[in-house]
Participant: 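Please read through the structure below; I'll follow up with questions.
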Amino acid sequence: MSFEELGLSENILKAIAECGYTEPTPIQAKAIPAVLMARDVVGLAQTGTGKTAGFTLPMIEILSGGRAKARMPRSLILSPTRELAAQIAENFDTYGKYCNLSKALLTGGSSMGDQIKLLERGVDVLIATPGRLLDLFERGQILLTDIKVLVIDEADRMMDMGFIPDIEKIVSLVPFTRQTLLFSATMPPEIKKLSDKFLSNPKEVSVARPATAATNVEQFLVHADPRKKNEILEKIIRQEDVKSAFIFCNRKRDIDGLVKWLKGKRYDARGLHGDMAQKNRTETLEDFKAGKITLLVCSDVAARGLDVDDLSHVFNFDVPMTADDYVHRIGRTGRAGKTGRAWMLTTAKEKKYLDAIETLIKTKIPVEQVGVQGTAKNSAPRNAKPSHEKKREPKKQDQSASHSRGKPQDKKVDSGPVSQGAPNKPRGNHREHDQERKEKPDGNRSGVKGFGDEMPGFFDNSE
Ligand code: AMP
């Protein structure tokens, strides 16, 4: 099937072609015609399936015919996290670039004044997290009585985050005659109930879960002593071809500890979790997307739905406590036809979670042995690189280019004996700024710009 056959207009087809999409993904092929026929849709799909375009493209088509009025947006997309909302907004800009529609991104942590100004001018689409939307509504800044299309994205995650009462409130504020699209990666009874209540005779569309059909994600399991998890993780990172990775932790406090530890080992790592200031979260995410950070240590909530191209690896530092989260986590790699690798550390205490995952994915995850003798404090010298790495040494002028930009991420350190997956290795367009300066064997980092002189400290992860 082609995009032309889906009933989208020229301006949208042109934008899609510029994205390089040649054909709709299965969820798009199923959802787009239904949305264009004004049907309610319940989509069982998770990120990585192309579901954002599945609802954004037909919404743009529907909205193209009308004009926005001040404070009366015509459509509303609800998203559980700020990052995901920002990503949807980006998609909206990309796909709608020839359609002259306006949007407002209403998320917490950003200036309400700017958001109010946009609303006053009139917007076609609101992309919002539930809390900020209600806040603005209660201040009398928005009227939701002109909403024609409502999208509830990542409904199951909304539930996990306690947003269902907010969603119910918001739905009670939009017209009964609106069209509703609800997307969820899973369909627990609560979401089914919500869908039955808010959607009218919906068309059900679903795509196979990536984890069950994950021929493009290779999975590995490592039995780990809880006190040695940091070292084991590092050893895996060193032996893998890590271009960019998410490292998932179950607890926020562990994120900061692990980031510190990895930085101490001179890895280009940063954390992403809900307790961080919004500005910091946004910057971190932008830097990661731009390839300036190699390892993003994150929580499920923070990473949920983030669309980061070319993620080569996912590391589960902890076994997720719900099997669905495992599916979401590893779905971050092996996207868009690429292959990815997903490693998970497991301790004896986590057996019941592991069993639940293996039951869900109907697979026994192959076990790998990773010994960590000598890799804790006395790591092997990290200045030795495989020969294929040496080929990719940057030119001198690249280093000065990075310098002049003065970004902290440009402070490169040696990437050690990791193959392409070396810490600090930018991806994509930023490759030209790659600076793999060598550390002197005696550990003197003269000529090496890194994260200070912090030496690795033992980080006890025992539970
Ligand atoms: P999503 O599931 O919406 O997060 O999308 C996952 C990724 O697939 C995004 O990077 C999209 O840009 C990309 N994508 C969406 N639709 C298509 C398509 N039809 N062909 C190729 N890539 C796509």
Side-chain angles (χ1 to χ4, degrees), residues 1-8 12-33 35-36 41 43-61 77-97 125 127 151-157 181-186 205-211 213-214 216-217 243-244 246 285-286 288-291 298 300 302-312 314 324 327-340 427-429:
M1 168 165 303
S2 69
F3 277 109
E4 283 76 10
E5 291 168 70
L6 294 179
L8 298 166
I12 299 176
L13 293 174
K14 195 166 144 196
I16 296 171
E18 285 176 16
C19 292
Y21 303 169
T22 48
E23 57 178 27
T25 64
I27 191 84
Q28 291 163 3
K30 291 176 191 167
I32 293 173
V35 181
L36 291 177
V41 169
L44 197 59
Q46 59 186 68
T47 52
T49 55
K51 77 173 159 65
T52 316
F55 62 78
T56 315
L57 294 172
M59 265 180 87
I60 295 171
E61 184 72 48
I77 301 172
L78 292 173
S79 154
T81 67
R82 298 162 183 182
E83 285 81 7
L84 182 56
Q87 220 163 259
I88 295 170
E90 265 174 41
N91 276 256
F92 186 81
D93 286 343
T94 307
Y95 305 137
K97 68 193 277 197
V125 59
I127 301 156
V151 179
I152 303 169
D153 194 20
E154 306 257 347
D156 50 352
R157 182 56 48 153
L181 319 175
L182 181 143
F183 290 87
S184 194
T186 56
V205 297
S206 70
V207 290
R209 315 160 82 106
N216 52 346
V217 180
K243 293 184 180 67
S244 60
F246 278 179
L285 189 59
E286 279 169 6
F288 186 72
K289 280 186 167 185
C298 52
D300 290 292
R304 173 74 179 207
L306 298 181
D307 175 26
V308 179
D309 288 338
D310 208 15
L311 203 64
S312 67
V314 166
D324 277 337
V327 176
H328 294 310
R329 288 180 181 188
I330 73 162
R332 311 318 317 269
T333 182
R335 286 180 156 208
K338 294 179 183 152
T339 51
R427 291 167 288 137
N429 296 337

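Ligands are counted one by one from 1 in listed order, and the atoms in each one are counted from 1 as well.
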Participant: Could you pull out, from Pro24, Gly50, Cys19, the option with a heavy atom nearest to atom 5 (O) of ligand 1?
Facilitator: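 Of the listed residues, Gly50 has the closest heavy atom.
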Participant: Between the candidates Gln28, Gln87, Glu90, which shows the shortest non-hydrogen contact distance to atom 16 (N) of ligand 1?
Facilitator: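 It is Gln28 whose heavy atom sits nearest to atom 16 (N) of ligand 1.
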Participant: Going by the order shown, which atoms of ligand 1 are within less than 4.0 Å of some heavy atom of Thr52?
Facilitator: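 Counting atoms of ligand 1 from 1, those under 4.0 Å from Thr52 are 1 (P), 3 (O), 4 (O).
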Participant: Run the side-chain hydrogen bond (donor to acceptor under 3.5 Å, both in side chains) test against Lys97 and tell me which residues pass, sequence neighbours left out.
Facilitator: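 Residues passing side-chain hydrogen bond (donor to acceptor under 3.5 Å, both in side chains) with Lys97: Glu18.
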Participant: Begin from the C-alpha positions of Lys289 and Glu83 and carry the test salt bridge (charged side-chain N to carboxylate O under 4.0 Å, His left out) through to its verdict.
Facilitator: CA-CA 12 Å; Lys289 280 186 167 185; Glu83 285 81 7; over 6 Å; no
Participant: Which ligand 1 atoms, with their elements, are less than 4.0 angstrom from a heavy-atom of Phe3?
Facilitator: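 Near Phe3, meaning under 4.0 Å from one of its heavy atoms, ligand 1 has 19 (N).
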Participant: Under 3.5 Å, side chain of Asp156 to main-chain N/O of Thr186, donor-acceptor pair present?
Facilitator: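 Yes.
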Participant: I want to know if ligand 1 touches Thr49 in the polar sense, i.e. an N/O pair below 3.5 angstrom.
Facilitator: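 The answer is yes, given that Thr49 and ligand 1 share an N or O pair closer than 3.5 Å.
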Participant: Between atom SG of Cys298 and atom CZ of Arg329, what is the distance when rounded to the nearest 0.5 Å?
Facilitator: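 Atom-to-atom, Cys298:SG and Arg329:CZ are 8.0 Å apart.
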Participant: Excluding sequence neighbours, so at least two apart, what forms ring pair (Phe, Tyr, Trp, His ring centres under 6.0 Å) with Phe92?
Facilitator: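 So Phe92 forms no ring pair (Phe, Tyr, Trp, His ring centres under 6.0 Å) with any residue.
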Participant: For Glu23, counting its heavy atoms only, list the atoms of ligand 1 lying under 4.0 Å from any of them.
Facilitator: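 Those atoms are 18 (C), 19 (N), 20 (N).
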